[in-house]
Amino acid sequence: MKKGHILGLGIIAIAIVIIISMLGDASTYESFATAKAMKAKGEDKAIHVVGQLKKGESGNVEGIEVNEDKTSFYFLMVDNDGTEQRVFYNEPVPADFHRSEQVVVIGGYKNEEIFMADKILMKCPSKYQENEVSTAGM
């Protein structure tokens, strides 16, 4: 075999190893029930849970409790399975948190009652969405 072929096969082998190792770290969205089960099994990796903030009948967000120092807060979140969970985030309330359509919390359970979020990702309504499409007459 030529040195070029051996070098090419080596690069391909390294690429395959990198791709396989990255697949193990790929995260999926879980429910709070799955996150609790993973904690019970002893898994301590960060878990992504997707859902919405709990809203009352009037459409207002309920259950946000900001601590006195305003550097952390609790909130109620409902995952896609309908499970309601109290979540703690050790950072100030993000801007437009109340307006978010969807929330992804990344973290895990430290005890049975509270999900500890290390990071929060929000999907807010777009200010660029058109509410009404107007057409010009021809």
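In what follows, every heavy atom counts, from backbone to side chain, and hydrogens, waters and symmetry copies are set aside. Predicted, not measured: the structure shown is a model, and the values here were computed from it. Residues take their numbers from the sequence shown, with the count starting at 1.
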With a 4.5 Å limit on heavy-atom distance, are the side chains of Gln85 and Val105 in contact?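 No; the side chains remain at least 4.5 Å from each other.
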Do Met77 and Val103 pass the side-chain contact (heavy atoms from CB on, under 4.5 Å) test, and can you show the C-alpha distance, the side-chain angles, and the key distance before you say yes or no? CA-CA 8 Å; Met77 182 175 150; Val103 178; 4.3 Å; yes
Sub-3.5 Å donor-acceptor pair from the side chain of Asp81 to the main-chain atoms of Thr83, do we have one?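 No, Asp81 side chain to Thr83 backbone: no donor-acceptor pair under 3.5 Å.
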For Asp69, is there any backbone N or O sitting under 3.5 Å from a side-chain donor or acceptor partner on Asn67?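 Not a single qualifying donor-acceptor pair exists.
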What about [X] and [Y], same hydrophobic cluster or not, with Ile/Leu/Val/Met/Phe/Trp/Tyr joined at side-chain heavy-atom distances under 4.5 Å?
| X | Y | answer |
| --- | --- | --- |
| Phe32 | Val50 | no |
| Met122 | Ile47 | yes |
| Met38 | Val87 | yes |
| Tyr89 | Ile64 | yes |
| Met116 | Val49 | no |

Member of Leu121, Leu53, Ile120 meeting the side chain to side chain contact (heavy atoms under 4.5 Å, CB included) criterion with Ser100: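 With Ser100 as partner, side chain to side chain contact (heavy atoms under 4.5 Å, CB included) holds for just one option, Leu53.
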How long is the span from the [atom1] atom in [X] to the [atom2] atom in [Y], to the nearest 0.5 Å?
| X | Y | atom1 | atom2 | value |
| --- | --- | --- | --- | --- |
| Arg86 | Lys54 | CZ | NZ | 12.5 Å |
| Leu7 | Ile12 | CG | CD1 | 10.0 Å |
| Glu91 | Asp118 | CD | CG | 10.0 Å |
| Lys36 | Glu30 | NZ | CD | 15.0 Å |

side-chain contact (heavy atoms from CB on, under 4.5 Å), that's the test. Do Phe115 and Asp79 meet it? Break it down for me. CA-CA 12 Å; Phe115 187 90; Asp79 68 9; over 6 Å; no
At their closest point, which heavy atom of Asn80 faces which heavy atom of Gly51, and how far apart are they?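 Residues Asn80 and Gly51, closest heavy atoms: OD1-CA, 4.0 Å.
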Please report the shortest heavy-atom distance between Ile114 and Tyr109, naming the atom on each side.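 Closest approach of Ile114 to Tyr109: O-CD2, 3.5 Å.
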If we count only N and O atoms by modelled type, under 3.5 Å, do the side chains of Asn60 and Ser58 hold a donor and an acceptor together?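 Yes - a donor-acceptor pair under 3.5 Å links their side chains.
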Pair Phe97-Val61, side-chain contact (heavy atoms from CB on, under 4.5 Å): steps then yes or no: CA-CA 10 Å; Phe97 186 69; Val61 176; 5.8 Å; no
Under 30°, 30 to 60°, or over 60°: which ring-plane class applies to Phe88 and Tyr74, parallel, tilted or perpendicular?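 Ring orientation, 0 to 90° scale: tilted.
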